[in-house]
Amino acid sequence: KEIYNTKSNVIIKYHNEDKYIGEWDKENLRNGRGIQIFKNNNIYFGYWEKDKMKGIGKIIKFNKKVEDLNIIFNENIVPFYYGEWKNNLEDGKGEEVWKDNSLYRGEYKEGFKEGKGILILKDGTEYSGDFSHSKIEGRGIIKYKDGRRYEGNWINNKMNGLINGYGEFTFSSTKKYIGNYVNEVK
């Protein structure tokens, strides 16, 4: 890597074409606030500790080369993740928005959606509940834009009411099905 020191920041160009602009420590490790421009054009800006993304940060996934770094401060750029980081992975509370403006807001653990969260899809469908390894898994509620609703257990992104009893599906016509589900089948 090539290192260019300024008074309070360092610019590092890595052999893999990544670039870092920001604060560093006495051992020339990324530490404090900084911006990492990856070879694949993704840009992370946020906090670092001992050469790892840690603390609050945002990563924007660009599909083209970025010429002007001021673009990263535009709130409307998607897809992105903003939230807590640990060991270069999403870890803690965060928000992820995709190109179609679907979004997830909730808990992460070691790079996976893990724990409680809310997923809102571009068509207005909203899921609120448990996630495990980035899958809808556990207890949750899904609400469709047309008024339909399911509350119950989920396995591998599918309604599965057999664990701990049953699930409840409300149709937009106010009819209800209360009973067992296996892989979304009543």
Would you give the length of the straight line joining atom [atom1] of [X] to atom [atom2] of [Y], rounded to the nearest 0.5 angstrom?
| X | Y | atom1 | atom2 | value |
| --- | --- | --- | --- | --- |
| Asn40 | Ile37 | CG | CD1 | 11.5 Å |
| Phe171 | Arg148 | CZ | CZ | 8.5 Å |
| Asp91 | Lys54 | CG | NZ | 10.0 Å |
| Asp100 | Leu121 | CG | CG | 8.0 Å |
| Tyr44 | Asp18 | OH | CG | 14.5 Å |
| Phe38 | Lys61 | CZ | NZ | 10.5 Å |

Between [X] and [Y], is there a donor-acceptor pair closer than 3.5 Å when you use the side chain of the first and the backbone of the second?
| X | Y | value |
| --- | --- | --- |
| Ser102 | Lys122 | yes |
| Asp25 | Glu27 | yes |
| Asn160 | Ile155 | no |
| Asn157 | Ile136 | yes |
| Glu84 | Lys93 | yes |

Are the side chains of [Y] and [X] in contact, using a 4.5 Å heavy-atom criterion?
| X | Y | value |
| --- | --- | --- |
| Asp51 | Asn31 | no |
| Gln36 | Trp48 | yes |
| Ile120 | Ile118 | yes |

Could [X] and [Y] be called an ion pair, given the rule that one side-chain N must be under 4.0 Å from one carboxylate O?
| X | Y | value |
| --- | --- | --- |
| Lys113 | Glu96 | yes |
| Arg149 | Glu151 | yes |
| Asp130 | Lys116 | yes |
| Glu114 | Lys109 | no |

* To do: Evaluate whether atom CZ of Arg105 has more than 12 neighbouring non-hydrogen atoms of other residues, nucleotides or ligands under 6.0 angstrom away.
  => no

* Got more than 12 heavy atoms from elsewhere within 6.0 Å of OH, Tyr81? -> yes

* Give the C-alpha distance, both sets of side-chain angles, the deciding distance and a yes or no for side-chain contact (heavy atoms from CB on, under 4.5 Å) between Phe62 and Ile43. => CA-CA 8 Å; Phe62 288 98; Ile43 297 178; 3.8 Å; yes

* Asked: So Asn156 and Lys135, side-chain hydrogen bond (donor to acceptor under 3.5 Å, both in side chains) or not? Walk me through it.
  -> CA-CA 6 Å; Asn156 199 24; Lys135 293 181 181 177; 3.0 Å; yes

* **Residues Glu126 and Tyr144: side-chain donor-acceptor under 3.5 angstrom** =>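 No, Tyr144 and Glu126 have no side-chain donor paired with an acceptor closer than 3.5 Å.
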
* To do: Examine the side chains of Asn16 and Lys39 and answer whether a donor and an acceptor come within less than 3.5 Å of each other.
  =>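 Judged by distance alone, the side chains do not pair up.
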
* To do: May I have the step-by-step check of side-chain contact (heavy atoms from CB on, under 4.5 Å) for Arg139 and Asn153, ending in yes or no?
  => CA-CA 4 Å; Arg139 191 99 179 126; Asn153 293 299; 3.7 Å; yes

* **Joint hydrophobic cluster, Ile60 plus Tyr82, side-chain heavy atoms closer than 4.5 Å** =>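 Linked, Ile60 and Tyr82 end up in one cluster.
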
* Verify the cluster assignment for Ile56 and Ile35: are they in a single hydrophobic cluster under the rule of side-chain heavy atoms below 4.5 Å apart? =>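 Cluster IDs for Ile56 and Ile35 match.
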
Write down the atom of [X], the atom of [Y], and the distance for their closest heavy-atom approach.
| X | Y | value |
| --- | --- | --- |
| Ser132 | Glu137 | CB-CB, 3.9 Å |
| Trp85 | Met53 | CB-O, 3.8 Å |
| Glu95 | Val97 | OE2-CG2, 4.0 Å |

* To do: Run the numbers on Arg33 and Tyr47 for side-chain contact (heavy atoms from CB on, under 4.5 Å), then give the verdict.
  => CA-CA 5 Å; Arg33 292 179 300 168; Tyr47 288 88; 3.2 Å; yes

* Cation-pi check, Lys58 onto Phe45 ring (under 6.0 Å, within 45° of axis) -> no

* Check the angle between the aromatic planes of Phe112 and His133 and answer parallel, tilted or perpendicular using the 30° and 60° thresholds. =>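 Judged by the thresholds at 30° and 60°, the geometry between Phe112 and His133 is tilted.
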
* Quick one: which of Phe80, Phe131, Trp98 gives a ring pair (Phe, Tyr, Trp, His ring centres under 6.0 Å) with Tyr104? -> Phe131

* To do: Tell me whether the centres of the aromatic rings in Tyr127 and Trp154 are closer together than 6.0 Å.
  =>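 Tyr127 vs Trp154: aromatic centres under 6.0 Å.
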
* Asked: Is it true that Trp24 and Tyr20 have ring centroids separated by less than 6.0 Å?
  -> no

* Before giving the answer on side-chain contact (heavy atoms from CB on, under 4.5 Å), spell out for Arg30 and Glu49 the whole-Å C-alpha distance, their side-chain angles and the decisive distance to 0.1 Å. => CA-CA 7 Å; Arg30 295 169 288 193; Glu49 185 177 290; over 6 Å; no

